[in-house]
Amino acid sequence: MPSTVALLGVAIMSCVMSAAVLGSLLRAGVAGVSRWCAAYGMFAGALALVIAGAHLPVWLGAIAAHTLFVGGSLVILQGVREFFGRPLASAAEYAVVPAIFFAVIYLTYAKPNFDARVAISSTYFAYVRAAIAWTVWRYRPPTRPKYNYYFLSIAAFVGALIHAGRAITYGFGFDHQTAFLDPSPFNVAFLGLGILSFPFMSIAMVMLAHDRLAQRMERLATVDGLTGALVRRAFMERAESAVATARAQGTPVALAVLDIDNFKTVNDRYGHAAGDRALAHFGATVSRSLRQGDLFGRLGGEEFAVLFPATSEGEALRLTNALRAAVATQSCGQSTCTFSAGVDKFEAGDTLARVLVRADLALYAAKARGRDCVVMASSDGVAGERLEQPS
């Protein structure tokens, strides 16, 4: 049977390696990683104090070690919540840390009871692991691969069961412990299982951090950073998929091509920074105004497209006019921002490229009619009222 000192030595190495691996991700700025790294550093320090406890004062070898364990557990829970954008901790959770600290002092000096100390701290550790498991399970992003989140949730839940078992064993007197390094079978078993949870938890956290980085890279590859619209390639791919789905379901689909009016003049008169602000204003306003399920893409320069699934041509016309009004009525720095648009619907056998061409021709008709208006490809007239320029 391995000795408790050997097991703790393995745990220290595991915590140091976990802190080092997580530390390598600090510059990536992933939420929660800095707390996870700090927590594993605290665990390594606490374990080192436990091993050296026979040569240290009780307040350092026992009380300080308990404090680091408890504090590190709270920090690792905070890191998980920070990763998911949740509040870090409740007032009750903050209050528990000093409460355990004073309980350990009382059970060390006033009424020595090592079993009670183990039961109290293990109950707290079980709660923290259960809270981590629930947070990961509850707030895992539905659009990301599930494996990484399931892995951490299960690892944390198993850790909670181990600590709960330890709390019950010593809290109800099924076994007695006189020191943390007691080589009893129960203690060695609990230490071994607890130590195994360290690398599993840290591996899962690294997996979550890498998934967040992958999500960033995917966003950079699919979303235009200035306007928030899909880049052309991503828009075309998703639009093709949406059209295929609509055809299978027998629902109508419409498309609008939008072009910001006089954009070159904005760049020439106010500079490219003003042009960027106009693009950002346009993109943010359109994104806010679209319905869930609508696709918004940047085709290039100041030209954009919106795909309206489950939408007739007439409804698409109304929605595009509403977008036009929303953009035109909001301030855009030194210049006003309007757009012209062409709208068309998908007929049987139509390809996305063909509908884009027809909508683009309607857009040119809107430009020819004075801009700041919407034209349907199937109509000879201007659809919707033109907005007056502000004085």
Side-chain angles (χ1 to χ4, degrees), residues 28-31 83-85 139 141-144 211-243 245 253-264 266-267 270-311 315-316 318-343 352 355-356 359-360 363 371-372 374 387:
V30 176
F83 180 87
F84 290 101
Y139 297 107
T143 58
R144 302 302 302 163
D211 183 65
R212 183 61 56 83
L213 293 176
Q215 186 177 15
R216 287 183 188 174
M217 295 302 294
E218 290 168 12
R219 180 173 176 81
L220 288 173
T222 58
V223 177
D224 177 59
L226 182 61
T227 63
L230 293 169
V231 299
R232 183 185 181 93
R233 176 188 56 78
F235 174 79
M236 299 294 281
E237 289 176 356
R238 297 188 188 185
E240 293 277 13
S241 177
V243 171
T245 300
V253 185
L255 177 79
V257 176
L258 290 54
D259 189 271
I260 299 176
D261 295 326
N262 302 311
F263 185 72
K264 185 177 184 301
V266 173
N267 276 334
Y270 302 109
H272 288 283
D276 286 348
R277 285 194 296 273
L279 286 169
H281 161 77
F282 173 83
T285 304
V286 172
S287 296
R288 283 196 306 269
S289 305
L290 291 175
R291 306 168 304 174
Q292 185 176 3
D294 294 340
L295 293 178
F296 176 42
R298 186 178 183 183
L299 301 181
E302 65 271 24
E303 189 172 72
F304 298 80
V306 178
L307 188 83
F308 298 104
T311 305
E315 179 66 7
R318 186 190 68 77
L319 292 169
T320 307
N321 259 316
L323 292 177
R324 180 178 60 84
V327 170
T329 54
Q330 294 192 25
S331 173
C332 186
Q334 296 169 290
S335 62
T336 57
C337 184
T338 63
F339 70 82
S340 303
V343 175
L352 177 59
V355 177
L356 274 170
D360 209 36
L363 166 64
R371 298 184 173 86
D372 191 15
V374 183
L387 292 179

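The first residue of the sequence shown is numbered 1, and numbering continues consecutively from there. This is a predicted model, so every value here is computed, not measured.
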request  = Verify whether the ring centers belonging to F282 and F304 lie closer than 6.0 Å.
outcome  = yes
Are side-chain heavy atoms of [X] and [Y] found at a separation under 4.5 Å?
{"X": "L356", "Y": "L299", "answer": "yes"}
{"X": "V306", "Y": "T320", "answer": "no"}
{"X": "H281", "Y": "V327", "answer": "yes"}

Which atoms form the tightest heavy-atom contact between [X] and [Y], and what is the distance?
{"X": "D294", "Y": "P309", "value": "OD1-CD, 3.5 Å"}
{"X": "D224", "Y": "V231", "value": "N-CG1, 3.7 Å"}
{"X": "T227", "Y": "L279", "value": "CG2-O, 3.6 Å"}
{"X": "R144", "Y": "E218", "value": "NH1-OE1, 2.7 Å"}

request  = Would you mind checking if R232 and E303 are paired as a salt bridge, meaning a charged N to carboxylate O distance below 4.0 Å?
outcome  = no
Quick one: pull up [atom1] in [X] and [atom2] in [Y] and give me the separation to the nearest 0.5 Å.
{"X": "E240", "Y": "T245", "atom1": "CD", "atom2": "OG1", "answer": "11.5 Å"}
{"X": "R212", "Y": "M217", "atom1": "CZ", "atom2": "CE", "answer": "15.5 Å"}
{"X": "T285", "Y": "L290", "atom1": "OG1", "atom2": "CG", "answer": "10.5 Å"}
{"X": "R324", "Y": "L319", "atom1": "CZ", "atom2": "CG", "answer": "13.0 Å"}
{"X": "C337", "Y": "E302", "atom1": "SG", "atom2": "CD", "answer": "10.5 Å"}
{"X": "T222", "Y": "E237", "atom1": "OG1", "atom2": "CD", "answer": "9.5 Å"}

ask   = Residues in ring-ring contact (aromatic ring centres under 6.0 Å, His included) with F263, at least two apart?
value = none
Counterpart residues, side chain to side chain contact (heavy atoms under 4.5 Å, CB included), relative to [X] (two or more places apart):
{"X": "L213", "answer": "L25, A28, V30, H210, R216"}
{"X": "A242", "answer": "L295, L307"}
{"X": "S287", "answer": "F296"}

note = Which of L363, N321, L323, L258 passes side chain to side chain contact (heavy atoms under 4.5 Å, CB included) with V374? Answer is N321
task = Go through the structure and list residues passing side chain to side chain donor-acceptor pair (under 3.5 Å) with R318, not counting sequence neighbours.
result = E315
task = Check side chain to side chain donor-acceptor pair (under 3.5 Å) between D261 and all other residues, then give those that pass, not counting sequence neighbours.
result = T338, S340, K367
